[in-house]
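Structure, as structure tokens:
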Amino acid sequence: MIQGEKITLRALEDRDGERLRHWRNHPAIFPYHFTSLPTSEVEQRRWYESYAHNPAYQCFIIEDEAREPIGYVILKDIDYKNAHAEIGLYLDPKYQGQGYGKDAFLTLMRFGFHELNLHRLFLHVLDFNEKAIKLYQSIGFQIEGRLREAHFTANRYHDILVMSILVKEFEETKPDASA
């Protein structure tokens, strides 16, 4: 387990499959995913199998103070030679805006930088996801690129922003989960 200020990150377990599928298909979250179809039970099982047993992926369940699962965070496509990975966060909508997501993200960033010795973390975010962009910028991520009209959702094309942070930037800013 990896302890944050408000949350704990724990290993992904078989028992989490249906909960993950529910979160991934949640109507409030689904438009922010880079997919156009809901996740089926079969697809969720394949996703779990590919992530759970692959060293290039580190996925953790986020638990609140009462040890209730409230979302998950992931480092994926970890490139150990070049020391970078893509980072992601999925949080149950009823827990958003309470500092859980920020704490989980910072906790995973510390793990990636300090335990996995990563140099750079990056992410992709849809241009209309203003809350997420604001969160990422508040903890030091910078926009480094824009994939113009690269994703079709809500009946139109949207840009995908590429954001990143380097370990030295993370260490310089020392972001706080409570801020």
Side-chain angles (χ1 to χ4, degrees), residues 1-17 19-20 22-24 26 28-29 32-34 47-48 50-80 82-125 129-144 161-179:
M1 290 203 213
I2 305 168
Q3 191 63 49
E5 289 183 20
K6 295 176 71 165
I7 59 87
T8 301
L9 301 181
R10 69 160 171 81
L12 184 64
E13 304 285 350
D14 276 337
R15 63 188 158 113
D16 298 314
R19 182 177 287 121
L20 288 170
H22 169 75
W23 286 330
R24 295 173 78 195
H26 194 289
I29 298 173
Y32 300 101
H33 287 239
F34 294 95
W47 181 91
Y48 173 80
S50 68
Y51 278 59
H53 305 294
N54 187 333
Y57 298 96
Q58 296 289 325
C59 187
F60 300 96
I61 295 294
I62 305 166
E63 293 183 336
D64 66 7
E65 300 94 328
R67 297 289 192 240
E68 288 298 315
I70 62 171
Y72 68 99
V73 288
I74 188 166
L75 292 172
K76 64 182 189 175
D77 298 324
I78 301 170
D79 180 336
Y80 290 99
N82 294 301
H84 65 81
E86 185 172 357
I87 189 169
L89 165 72
Y90 299 90
L91 192 64
D92 187 310
K94 66 184 175 188
Y95 293 94
Q96 293 178 4
Q98 301 173 48
Y100 292 110
K102 184 174 186 177
D103 187 18
F105 217 68
L106 288 170
T107 302
L108 185 62
M109 291 169 69
R110 278 191 291 278
F111 174 77
F113 287 138
H114 299 160
E115 300 300 322
L116 299 182
N117 199 31
L118 297 176
H119 176 72
R120 176 179 175 270
L121 295 174
F122 68 95
L123 58 88
H124 296 94
V125 61
N129 194 349
E130 295 173 11
K131 286 186 349 185
I133 295 166
K134 183 178 176 184
L135 167 66
Y136 303 145
Q137 289 176 323
S138 78
I139 57 179
F141 278 80
Q142 299 177 28
I143 297 173
E144 65 179 30
L161 302 180
V162 180
M163 301 179 75
S164 70
I165 186 169
L166 304 176
V167 65
K168 65 182 176 187
E169 296 164 342
F170 182 73
E171 296 302 328
E172 288 169 2
T173 59
K174 292 286 186 194
D176 180 9
S178 63

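Since we're looking at a predicted model, the values are computed, not measured.
- Closest of all the heavy-atom pairs between Ile70 and Ile7 is CD1-CG2, 4.5 Å.
- Between Val73 and Ala104, the closest heavy-atom pair is CG1-CB, 4.0 Å.
- Although no hydrogens or angles enter the test, the distance criterion places no donor-acceptor pair under 3.5 Å between the side chain of Asn82 and the main chain of His84.
- The shortest heavy-atom contact between Leu89 and Ile62 is CD1-CD1, 3.7 Å.
- With contacts defined as side-chain heavy-atom distances shorter than 4.5 Å, the pair Ser164/Glu169 does not qualify.
- Note that the CD1 atom of Ile2 and the CZ atom of Arg110 stand 10.5 Å from one another [nearest 0.5 Å].
- In terms of heavy-atom proximity, Thr107 sits nearest to Gln3 at CG2-O, 4.0 Å.
- When atom types are taken as modelled, the side chain of Asp103 and the backbone of Glu5 share a donor-acceptor pair closer than 3.5 angstrom.
- With sequence neighbours excluded, the residues satisfying ring-ring contact (aromatic ring centres under 6.0 Å, His included) with Tyr100 are Tyr95.
- Here the straight-line distance linking atom CZ of Phe113 with atom CG of Leu108 works out to 10.0 Å at 0.5 Å rounding.
- Screening residues 64-76 for salt bridge (charged side-chain N to carboxylate O under 4.0 Å, His left out), with sequence neighbours left out, gives no hits.
- Here the side chains of Ser138 and Lys102 are in contact, with some heavy-atom distance below 4.5 Å.
- Rounding to the nearest 0.5 Å places CG of Leu75 at 12.0 Å from OH of Tyr57.
- We find the CG-SG distance between Leu9 and Cys59 to be 10.0 Å, quoted to the nearest 0.5 Å.
- Judged purely by atom type and a 3.5 angstrom limit, Gln96 has no side-chain atom pairing as donor or acceptor with the backbone of Gly101.
- To the nearest 0.5 Å, atoms CD (Gln142) and CD1 (Ile165) are separated by 8.0 Å.
- You'll find the side chain of Leu123 reaches within 4.5 Å of the side chain of Phe141, heavy atoms only.
- Summarising the geometry, atom CG belonging to Asn117 is positioned 11.0 Å from atom OH belonging to Tyr80; distances are rounded to the nearest 0.5 Å.
- Counting heavy atoms from C-beta on, the side chains of Val167 and Leu118 never come closer than 4.5 Å.
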